[in-house]
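Numbers restart at 1 for each chain; the letters A, B, ... are given by sequence-line order, proteins then strands.
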Amino acid sequence: DSGVTQTPKHLITATGQRVTLRCSPRSGDLSVYWYQQSLDQGLQFLIQYYNGEERAKGNILERFSAQQFPDLHSELNLSSLELGDSALYFCASSAPGIDTQYFGPGTRLTVL
Amino acid sequence: AQSVTQLDSQVPVFEEAPVELRCNYSSSVSVYLFWYVQYPNQGLQLLLKYLSGSTLVKGINGFEAEFNKSQTSFHLRKPSVHISDTAEYFCAVSDNFGNEKLTFGTGTRLTIIP
């Protein structure tokens, strides 16, 4: 158990809908990262937050957005969903000055 | 920009045999290197990491990796594998200039044959 929690574990929805994925980092970790794992794209970095502020952006679509709240949990919002958005979405967290990212169990999103 | 190449998408190995999973990286700056393991239907677990210092890095579950700067490689090895090592293994890189995102390879599926 990495100490990073993600909810829900599974999500099934339809095209055009909007969903929110939630992540709680390990106690004391200020950085939260979101990654997408799909069969065709592999594991890709989406976005990083540090203590509530956006720190780095990767291959994140404009239909996707994220935020980190004062209690440090983070949410990834996916809107106007397409079939191709079906993937495993991982959240990871790290402590200040520490180079290791600890991953949550992931949320499997299926868009029908 | 950084990139990671995992040369083998699948590696079948007999139980108790040695294994090497290959990883090469490309970067214009100094890097940190990581190996993560993903067991079926689970998240990613850190096996080991290279930040600096000794080029031979030991990790959990008997795995080790050697950083070779001249060959830009970070191959993962285990002298004797077990059925429980069946999983997908990912090599990843980040730079050490404050850009903390991980760039992953495409993964190597290790299958242990009894």
Tell me if the CG atom of A:D71 is crowded by more than 12 foreign heavy atoms within 6.0 Å. yes

Taking all atoms of both residues into account, what is the closest heavy-atom pair of B:K101 and A:F45, and its distance? CD-CD2, 3.4 Å

Side chain, backbone, both or neither: which part of B:L44 has an atom under 4.5 Å from a heavy atom of chain A? both

Using atom types as modelled and distance alone, determine if a side-chain donor or acceptor of A:Y35 lies under 3.5 Å from a backbone N or O of B:L102. yes

Just wondering, are more than 12 heavy atoms of other shown residues or ligands nearer than 6.0 Å to CZ in B:R109? no

More than 12 heavy atoms of other residues, nucleotides or ligands under 6.0 Å from CG of A:L83: is that the case? yes

Neighbour count >12 (heavy atoms, 6.0 Å) for atom OH, B:Y39: yes

Quick check on B:Q38 against chain A: is it the side chain, the backbone, both or neither that has a heavy atom closer than 4.5 Å? side chain

Chain B contact via A:I47 - side chain, backbone, both or neither, heavy atoms under 4.5 Å: neither

What is the distance from atom OG1 of A:T100 to atom OH of B:Y36, rounded to the nearest 0.5 Å? 6.0 Å

In one Ile/Leu/Val/Met/Phe/Trp/Tyr side-chain cluster, 4.5 Å: B:Y89, B:V81: yes

Chain B contact via A:Q37 - which portion, at a heavy-atom distance below 4.5 Å: side chain

Cluster check B:L7, B:F90: I/L/V/M/F/W/Y, side chain < 4.5 angstrom: no

